[in-house]
> 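Quick one: this structure, given as structure tokens, is what I'll be asking you about.
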There are 2 protein chains.
Amino acid sequence: MIWVKGESLGKGELVGMTQTEPLLAHTSNCVYCAARPLGVCGALGDGEAFRELRDSRRAVRILDAGLPIYRQGDPSGDLFNLVTGWVVQYQDLEDGRRQILRFLVPGALFGYEPTGVKGMCHGAEALTNASLCVVPAARMTELRHRHPAFNERFVWMLERDSHLAFDHMMSLGQRDARERVAHLLLELAVRSTGRLPAARGEVFKIPLNQPLIAEATGLTSIHVNRMLRKLREDDILDFHHGRLTVFDPERLVELAGVSEAMLALWSRASQPMDEALSA
Amino acid sequence: MIWVKGESLGKGELVGMTQTEPLLAHTSNCVYCAARPLGVCGALGDGEAFRELRDSRRAVRILDAGLPIYRQGDPSGDLFNLVTGWVVQYQDLEDGRRQILRFLVPGALFGYEPTGVKGMCHGAEALTNASLCVVPAARMTELRHRHPAFNERFVWMLERDSHLAFDHMMSLGQRDARERVAHLLLELAVRSTGRLPAARGEVFKIPLNQPLIAEATGLTSIHVNRMLRKLREDDILDFHHGRLTVFDPERLVELAGVSEAMLALWSRASQPMDEALSA
DNA sequence: CGCAGTTTTGAAAATCTTCAATCTTGGTGG
DNA sequence: CCACCAAGATTGAAGATTTTCAAAACTGCG
């Protein structure tokens with residue numbers, strides 16, 4: 001197994017792969033995601049195309065928390081499939097303001113840009129220790145052409161991401177600070193575990209701090225702090241040091257203003273059936 | 001030619017089509033978009049697949065300004081290709097708050113939902129008199145399968161829309177009120193004409209009023225009014241009654257904080273080459 | 001000319017940010 | 001085991017931005 005320091009990509013380590021080599025997990029496991037089988041996974045299904053895709057990976061990257069995966073402006077060309085850990089995608093303005101576009105959990109495919117755009121319009125970095133498969137964009141396109149069911153899965157994923165973005169626009173534009181924070185935490189709890197909080201006092205591991213919540217919600221971290229206190233005083237939830245405790249699931253869902261459809265998209269209940277992908 | 005009142009769809013008129021019938025334009029033309037050849041157009045290209053698509057249209061709908069195309073919660077199943085006029089897509093919260101997700105100009109394809117989601121997660125209505133082609137979603141999927149280049153065009157469009165959404169998230173989360181208003185007006189000017197304002201005093205027709213700008217930017221219409229006044233006092237632009245006059249193109253672009261890449265996506269400079277679609 | 005939709009203005013109140021500290025927490029090394 | 005450090009969390013007070021409420025003026029169209 002060949003290890004290469006990914007110079008231009010920060011200190012992440014690049015692992016050369018052959019088809020038969022097992023994927024190397026990060027030595028210190030990510031506590032924020034349950035153990036999953038390593039390899040290309042998640043949104044892309046597990047049919048014939050999935051196996052081809054797995055064998056197409058150019059490399060596997062193992063990253064420490066905080067390391068960049070790519071930066072805004074970097075040349076595009078590779079897609080990434082997140083295997084373990086969390087990733088954040090953000091966009092910067094010239095003057096330093098930063099908006100977090102979304103948080104990714106294991107299974108996500110990311111790093112695509114519309115053809116014709118020269119460089120990446122946004123950046124991505126590991127939020128926790130993470131491992132991801134690198135697949136050349138051209139290879140992904142070719143795979144989509146040869147496997148219609150895989151192509152549909154890809155299109156479904158783009159459409160779902162578009163809905164997640166719409167939902168974030170609702171938050172940023174219409175919800176007040178308290179609702180935005182509640183909404184974000186609920187979303188991440190559901191997306192990372194695949195289900196709604198049910199029991200009072202249920203705990204979720206979410207690898208954020210207050211400045212990150214602030215960058216995602218368009219607030220200052222000071223104000224996020226006050227909203228978290230209010231949510232605690234209102235007996236709805238408590239969040240600190242990466243631990244979300246949900247005191248009142250019902251009021252949280254109500255406050256976050258989440259629709260049934262959105263809940264389904266978060267909890268993958270609506271993902272296309274996997275048998276469709278074996279074709 | 002058969003005219004059918006689209007009862008459940010508001011007062012829009014539904015025009016039954018055969019392959020050879022010409023499309024009927026709205027009697028009162030939309031002043032906000034230049035005359036274009038009628039028929040399926042725009043983002044979907046003009047190759048072989050385009051011709052098949054044109055012949056696949058289930059109907060053509062001619063709508064007066066203000067009429068709904070579909071409402072949040074309506075069953076999904078049809079896609080729409082906007083031929084003439086402007087359309088707005090929005091999402092409502094239970095308590096009546098509304099966020100405008102995006103404005104569509106001729107050529108847009110809209111109305112898709114991730115498979116598995118039962119009803120529409122958002123609504124759409126005509127902003128001006130408009131005409132659009134109705135294409136069954138299943139037909140679109142089938143066309144994508146048979147025409148790889150068409151499929152790529154579709155994927156490109158989804159990826160571009162995702163970038164537009166990211167850009168709006170930047171606005172809603174990071175830009176202040178004045179920047180948001182400036183950014184929105186510039187975006188619509190560029191997207192509707194395909195080019196940047198160049199000359200001082202150039203005029204663009206944009207069919208919005210202050211409440212609509214407010215719903216798109218997450219502000220109150222009162223505050224939008226004040227920001228428009230400030231932009232006028234700062235000698236950057238003037239907007240009222242659907243007329244945008246750009247006094248200082250350079251400062252407007254600067255204020256809006258638009259990247260080169262975004263400008264390219266707005267002005268379709270980066271659209272995949274059409275010859276790729278003739279395959 | 002009059003009406004409806006749109007734009008404009010003022011003043012007070014709420015929300016959110018800024019600035020400037022202080023306090024906690026978890027991890028490190030002695 | 002404890003002292004210490006750095007990152008993260010918390011607080012107060014002042015100030016800026018944005019909203020709310022209430023009303024008036026303007027515009028284009030019939």
Side-chain angles (χ1 to χ4, degrees), chain A residues 28 31-32 64-66 88 95-99 127-129 171-182 184-185 205-234 237-245 255, chain B residues 28 31-32 64-67 88 95-99 125 127-129 171-182 184-185 205-234 237-245 255:
Chain A
S28 145
V31 298
Y32 293 99
D64 282 333
V88 58
D95 59 11
R97 284 177 285 182
R98 167 171 296 191
Q99 175 68 39
L127 213 50
T128 64
N129 289 346
S171 272
L172 293 166
Q174 302 299 320
R175 297 194 241 259
D176 65 24
R178 183 158 143 274
E179 293 172 319
R180 284 188 223 179
V181 172
L184 176 65
L185 291 175
K205 296 228 160 204
I206 297 179
L208 304 187
N209 54 26
Q210 294 178 359
L212 282 166
I213 296 177
E215 289 179 339
T217 53
L219 303 166
T220 59
S221 62
I222 289 93
H223 203 55
V224 167
N225 180 281
R226 297 193 167 114
M227 296 304 103
L228 285 174
R229 175 172 54 177
K230 191 169 287 191
L231 289 166
R232 193 182 325 125
E233 287 168 357
D234 291 348
L237 61 80
D238 178 55
F239 178 82
H240 54 227
H241 295 103
R243 281 172 57 92
L244 168 69
T245 309
L255 176 64
Chain B
S28 145
V31 297
Y32 294 98
D64 282 332
L67 290 179
V88 58
D95 59 11
R97 283 176 286 182
R98 166 170 297 192
Q99 174 67 40
E125 58 185 58
L127 213 50
T128 63
N129 290 346
S171 271
L172 293 166
Q174 301 300 320
R175 295 193 240 260
D176 66 23
R178 183 158 142 275
E179 293 171 320
R180 285 188 223 179
V181 173
L184 177 65
L185 291 175
K205 296 228 159 204
I206 297 180
L208 305 186
N209 55 26
Q210 295 178 0
L212 282 166
I213 295 175
E215 288 180 339
T217 53
L219 303 165
T220 59
S221 63
I222 289 91
H223 203 56
V224 167
N225 179 279
R226 295 190 170 118
M227 295 304 102
L228 285 174
R229 176 172 51 178
K230 189 169 291 194
L231 288 166
R232 193 182 323 125
E233 288 168 357
D234 291 347
L237 60 80
D238 177 56
F239 178 82
H240 54 228
H241 294 105
R243 281 172 58 94
L244 168 68
T245 309
L255 177 64

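Below, read A as the first sequence line, B as the second, and so on, with proteins coming before strands; counting in each chain starts at 1. The basis for the numbers below is simple: all heavy atoms, side chains too, and nothing from hydrogens, waters or symmetry mates.
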> Please state how far atom NE2 in A:H240 lies from atom C1' in D:dA7, giving the value in whole angstrom units.
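Value for this atom pair: 15 Å.
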
> By salt bridge (Lys or Arg N to Asp or Glu O under 4.0 Å), which residues pair with A:E215, not counting sequence neighbours?
none

> Hey, does B:L184 have a side-chain heavy atom less than 4.5 Å from the side chain of B:V181?
no

> Tell me, please, the opening and closing nucleotides of DNA chain C, 5' to 3', among those with an atom under 4.0 angstrom from a non-hydrogen atom of chain B.
C:dT6 to C:dA11

> Of all residues at least two apart in sequence or in a different chain, which pass the side chain to side chain donor-acceptor pair (under 3.5 Å) check with A:S171?
A:R175, A:H183

> Quick one: list whatever passes side chain to side chain donor-acceptor pair (under 3.5 Å) with B:D234, sequence neighbours left out.
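B:D234: side chain to side chain donor-acceptor pair (under 3.5 Å) contacts with B:R178.
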
> Which pairs of donor and acceptor atoms, one on a side chain in residues 220-232 of chain A, lie under 3.5 Å apart (sequence neighbours left out)?
residue: A:T220; atom: OG1; partner: A:H223; partner atom: N; Å: 3.2
residue: A:N225; atom: ND2; partner: A:Q210; partner atom: OE1; Å: 3.0
residue: A:R232; atom: NE; partner: A:D238; partner atom: OD1; Å: 2.9

> Check whether B:N129 reaches the backbone of B:A65 with its side chain - one donor and one acceptor, N or O, closer than 3.5 Å.
yes

> Round to a whole Å and report the spacing from CG of A:L212 to P of D:dA7.
15 Å

> In the 5'-to-3' direction, what one-character label does each nucleotide of nucleotides 15-30 of chain D receive under the scheme B = base within less than 4.0 Å of a protein heavy atom, S = sugar-phosphate only, - = no such atom?
---BBBB-----S---

> Kindly write out the residues that satisfy side chain to side chain donor-acceptor pair (under 3.5 Å) with B:Q174, not counting sequence neighbours, or none if the list is empty.
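Only A:Q99 meet the side chain to side chain donor-acceptor pair (under 3.5 Å) criterion with B:Q174.
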
> Measure the CG-OG1 distance between A:D64 and A:T128 for me, rounded to the nearest 0.5 Å.
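Result: 10.0 Å between the selected atoms.
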
> Give one of base, sugar-phosphate or nothing for A:N225, where a contact means two heavy atoms less than 4.0 Å apart.
base

> Does A:D176 have any salt bridge (Lys or Arg N to Asp or Glu O under 4.0 Å) partners at least two apart in sequence or in another chain, and if so, which?
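Residues passing salt bridge (Lys or Arg N to Asp or Glu O under 4.0 Å) with A:D176: none at all.
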
> State, to the nearest 10°, the angle formed by the axis through the first five base pairs of the helix from C:dC1-D:dG30 to C:dG30-D:dC1 and the axis through its last five.
30°

> Could you tell me the separation between the CG atom of B:L185 and the CD1 atom of B:I213, rounded to the nearest 0.5 Å?
5.0 Å

